[in-house]
There are 2 protein chains.
Amino acid sequence: MFGARCLLRALRFCFSAPCPRHKPSAKLSVRDALRAQNASGERVKVQGWIRSVRSQKEVLFLHVNDGTSLESLQVVADSSFDSRELAFGSSVKVQGQLVKSPSKRQNVELKAEKIEVVGDCDAKDFPLKYKERHPMEYLRQYPHLRCRTNVLGSILRVRSEATAAIHSFFKPSSKIKVPEENFFNIPAFLTVSGQLHLEVMSGAFTQVFTFGPTFRAENSQSRRHLAEFYMVEAEISFLENLQDLMQVMEGLFKTTTTTVLSNCPEDVELCHKFIAPGQKDRLEHMLKNNFLIISYTEAVEILKQASQNFTFCPEWGADLHTEHEKYLVKHCGNMPVFVINYPLKLKPFYMRDNEDSPQHTVAAVDLLVPGVGELFGGSLREERYHFLEQQLARSGLTEAYQWYLDLRRFGSVPHGGFGMGFERYLQCILGIDNIKDVIPFPRFTHSCLL
Amino acid sequence: MFGARCLLRALRFCFSAPCPRHKPSAKLSVRDALRAQNASGERVKVQGWIRSVRSQKEVLFLHVNDGTSLESLQVVADSSFDSRELAFGSSVKVQGQLVKSPSKRQNVELKAEKIEVVGDCDAKDFPLKYKERHPMEYLRQYPHLRCRTNVLGSILRVRSEATAAIHSFFKPSSKIKVPEENFFNIPAFLTVSGQLHLEVMSGAFTQVFTFGPTFRAENSQSRRHLAEFYMVEAEISFLENLQDLMQVMEGLFKTTTTTVLSNCPEDVELCHKFIAPGQKDRLEHMLKNNFLIISYTEAVEILKQASQNFTFCPEWGADLHTEHEKYLVKHCGNMPVFVINYPLKLKPFYMRDNEDSPQHTVAAVDLLVPGVGELFGGSLREERYHFLEQQLARSGLTEAYQWYLDLRRFGSVPHGGFGMGFERYLQCILGIDNIKDVIPFPRFTHSCLL
């Protein structure tokens with residue numbers, strides 16, 4: 001479609017209206033163009049993809065988007081420009097004057113002097129159709145093109161903002177004065193993934209975190225599982241109780257969300273308006289109130305007293321299932337709820353023994369949230385050599401984990417940490433039903449399209 | 001070693017000197033304690049690991065480090081504290097008064113009122129020995145303990161700072177005014193790794209980057225290769241020449257380095273002083289001057305005219321080897337040098353054809369730096385459908401890459417990008433000879449200790 005013929009066409013597409021000599025135009029992003037305070041005819045250059053074309057008698061209206069904002073920039077061209085060449089999906093470079101818009105719909109618009117079609121787009125073959133709102137399931141078939149839609153654009157901008165906010169939460173700029181009680185006012189480290197490795201680092205740095213791809217061979221087609229997902233993990237030394245750990249978890253959730261809401265309000269609004277009506281209020285409710293705390297034992301009691309019939313009968317010593325998590329969150333007034341102190345037998349060897357026989361629980365904590373279920377998992381870690389040694393011996397792991405035992409021999413400290421599934425976090429704040437829609441390239445059982 | 005006996009010992013180790021009633025002590029990191037401007041007897045609590053113990057007649061000096069800075073905090077205790085229990089490597093909590101130090105060696109010191117040994121450390125078994133400077137090779141045997149040394153601590157703090165600086169380079173805070181010409185004053189996206197996927201995103205967002213672990217099954221025992229390394233990759237839409245791409249590459253290197261130098265000068269100095277003498281001057285030389293640019297053809301000419309005998313004879317059309325890279329960097333006055341326009345046959349299918357027959361090169365660029373060799377690799381990407389189709393057909397890849405071809409059918413744009421090996425970057429600025437020492441847990445051929 002391109003090649004020699006295309007080069008000719010590209011030249012043909014390069015329209016110019018006469019304009020006086022002037023200094024070279026400044027290149028502006030759509031976002032910056034839209035934010036221009038005094039649009040009074042500065043000459044600028046904007047690049048992007050055409051999102052809509054509207055042709056009137058003497059004027060042509062284009063909307064150009066470059067991914068920097070949900071809103072597109074309105075380009076106004078006179079009838080010397082040929083609307084047939086300016087198609088939905090094509091990439092263009094536009095030069096012109098940034099002026100105040102007479103319409104109330106936007107503050108500024110770009111009076112085109114020159115429009116160059118850089119790459120055309122055949123509407124017939126293009127899977128995204130003009131003015132159509134495609135279902136998410138449809139878009140999932142086109143992982144290489146779906147980021148050109150409003151909704152995926154918004155979700156991915158929120159993803160980017162949340163990523164940056166998480167980094168800031170753990171590593172505030174040294175120029176910013178942080179409150180004395182902030183847990184992370186010291187260097188934090190990006191390491192390779194994995195809690196046990198973070199524990200190594202926490203034996204020298206007191207507060208560490210990692211944020212990266214994590215892989216699980218989960219044979220699940222659920223709307224909450226991926227084979228590859230992103231996880232934030234943190235580990236804190238000299239931490240002695242779950243209360244302090246839960247404070248960091250709640251802080252991470254609330255601080256990150258507040259930052260996202262303040263930095264990309266339009267993108268969040270799009271999701272709350274068109275995809276998850278009511279989510280705005282639900283999220284505000286979560287942010288305004290304290291997260292709840294119940295013990296695993298209390299949780300089982302609540303489930304036993306429920307009028308609802310569960311597929312899996314709730315019983316002390318058994319795992320909580322999705323249906324149970326849902327019920328508990330609802331029971332707690334649709335607030336996030338920490339469930340703490342799980343039976344030792346349900347949890348991995350590294351969790352700290354509560355020594356509360358006959359129950360025998362460990363200092364584990366899961367955070368359940370509305371719509372998603374388990375969002376965080378964490379625990380105090382067993383820092384006592386003999387306790388850990390016994391647990392390892394029981395699982396026949398002593399030899400493989402000698403290095404991990406070593407950490408308890410040489411200046412051991414009480415410590416704890418947690419992991420948060422990043423895609424589930426995005427689902428939770430935006431109200432996105434399927435986890436495959438909050439990651440650019442979802443990989444899951446029997447599916448790795450890209 | 002711990003268990004019941006240990007709990008008793010921990011209690012026994014908890015010394016207290018009489019002190020008046022006061023409000024609860026503020027918990028301080030060592031870094032913040034050292035920076036206290038007016039240390040005039042505030043009661044504080046500091047936690048960390050003992051780096052040294054010195055016992056005098058009536059006084060005991062401890063140095064406590066918690067990973068927040070290279071410098072440790074001096075703790076002064078009177079003779080009622082038992083020095084035998086306060087061993088090198090043990091973890092402690094110290095409560096006391098922060099006061100001006102009479103010595104010139106430090107501004108402040110902590111007058112201990114209470115010292116609690118949290119986890120002891122048996123000097124006999126501890127692989128790190130007091131007052132010994134262990135060779136890097138020795139430390140590599142203990143990936144779970146080496147971060148407790150000064151040098152690894154410094155390297156990992158620099159790694160953390162460089163990571164943050166790279167994120168900032170691509171995504172400046174929305175509160176900071178960025179110059180108009182900054183390439184990345186718009187949202188940037190963390191995606192799964194891989195240039196081709198970044199190209200998908202760059203079809204909607206104009207500037208994207210990713211920073212994460214990358215895996216290569218390179219069967220190399222060299223000091224420059226790892227099976228798992230971290231890579232920064234960026235892709236820029238509407239970019240039409242290598243000059244603009246090289247500007248971003250040079251900007252990333254210089255901005256990140258300047259930030260690191262300004263935010264952790266002591267850590268950088270430690271490396272420059274003890275590990276790589278002369279590196280400080282070499283780095284300043286790189287930062288002050290413009291990076292050089294030569295074509296591949298010029299590079300081959302330079303090599304052919306060299307008086308040096310190479311193992312691999314330099315020849316137009318053949319790859320540049322490590323020995324060639326070294327010579328070129330030296331020839332360029334030990335300045336980083338961009339080598340551009342490589343033979344098409346040496347490079348992958350996606351690089352942009354320069355159409356300069358009979359040579360037939362592509363718009364590729366590598367950045368070679370002193371001590372490390374290739375640090376960046378990048379190119380303009382082939383955005384013309386027919387050129388790309390021909391390249392794919394030649395390699396029999398057309399079917400597998402239909403989605404990639406699609407990007408050239410629907411609003412294609414000229415674009416380019418690059419990748420930078422993060423560990424090699426750290427080697428380059430710190431002068432660390434072996435790549436295994438700039439990553440917390442090195443994995444390479446036949447070795448995955450942790």
Side-chain angles (χ1 to χ4, degrees), chain A residues 1-3 6 26 29 31 47 49 66-68 89-91 118-119 121-122 125-126 144-145 147-148 153 156-157 160 163-164 167 171 174 180 185-192 197 200-201 203-206 212-213 228 238 263 384-386 403 406-413 440-441 450, chain B residues 1-3 6 26 29 31 47 49 66-68 89-91 118-119 121-122 125-126 144-145 147-148 153 156-157 160 163-164 167 171 174 180 185-192 197 200-201 203-206 212-213 228 238 263 384-386 403 406-413 440-441 450:
Chain A
M1 178 170 295
F2 272 49
C6 168
S29 72
R31 182 190 174 94
Q47 307 167 317
W49 292 265
D66 66 355
T68 55
S90 304
S91 51
V118 180
C121 182
D122 191 332
D125 296 334
F126 193 39
H144 61 306
L145 296 172
C147 49
R148 299 253 202 110
L156 292 170
R157 270 187 298 276
S160 169
T163 301
H167 277 270
K171 190 168 187 358
S174 49
E180 215 169 322
N185 54 352
I186 58 159
F189 293 82
L190 282 176
T191 76
V192 292
H197 292 84
V200 166
M201 307 302 287
F205 295 102
T206 65
E228 180 195 44
F238 296 100
N263 288 2
R384 297 162 296 182
Y385 186 90
H386 285 299
W403 65 270
D406 263 11
L407 302 177
R408 278 69 181 169
R409 284 172 71 199
F410 306 120
S412 184
V413 293
F441 304 102
L450 272 199
Chain B
M1 177 170 293
F2 270 49
C6 167
S29 72
R31 182 190 173 95
Q47 306 168 317
W49 291 266
D66 67 355
T68 54
S90 304
S91 51
V118 179
C121 182
D122 191 334
D125 297 332
F126 194 41
H144 61 305
L145 296 171
C147 49
R148 300 254 202 108
L156 291 170
R157 270 187 298 275
S160 169
T163 300
H167 277 270
K171 190 168 186 359
S174 48
E180 214 170 324
N185 54 352
I186 59 157
F189 293 83
L190 282 175
T191 78
V192 293
H197 291 84
V200 167
M201 307 301 288
F205 294 103
T206 63
E228 180 195 43
F238 296 100
N263 288 2
R384 297 163 296 181
Y385 186 89
H386 286 298
W403 65 269
D406 264 10
L407 302 177
R408 278 71 181 166
R409 286 173 69 200
F410 306 119
S412 185
V413 294
F441 304 103
L450 272 198

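Keep in mind that this is a model prediction, so the values were computed, not measured. Protein chains get the first letters and strands the later ones, always in sequence-line order, with residue 1 at the start of each.
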Taking all non-hydrogen atoms of both residues, which atom of [X] and which atom of [Y] are closest, and how far apart?
X: F238(A); Y: S91(B); value: CZ-CB, 4.2 Å
X: P440(A); Y: M201(B); value: CB-SD, 4.1 Å
X: F410(B); Y: L145(A); value: CD1-CD1, 4.0 Å
X: V413(B); Y: V118(A); value: CA-CG1, 4.0 Å
X: F205(B); Y: G67(A); value: CD2-O, 3.5 Å

Check your understanding: Between S90(A), G89(A), C147(A), which has the largest tally of heavy atom pairs under 4.5 Å with chain B?
Key ->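 The candidate making the most pairs under 4.5 Å is C147(A).
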Exercise for review: Check the angle between the aromatic planes of H197(A) and F441(B) and answer parallel, tilted or perpendicular using the 30° and 60° thresholds.
Suggested key: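 H197(A) and F441(B): perpendicular rings.
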Practice item. Ignoring hydrogens and angles, tell me if any N or O in the side chain of R409(B) forms a donor-acceptor pair with the backbone of D122(A) under 3.5 Å. Key: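 Checking the backbone N and O of D122(A) against the side chain of R409(B), no donor-acceptor pair under 3.5 Å is found.
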Exercise for review: Mind checking the NE2-CG spacing from H144(A) to D406(B)? Nearest 0.5 Å is all I need.
Suggested key: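 The NE2 atom of H144(A) sits 4.0 Å away from the CG atom of D406(B).
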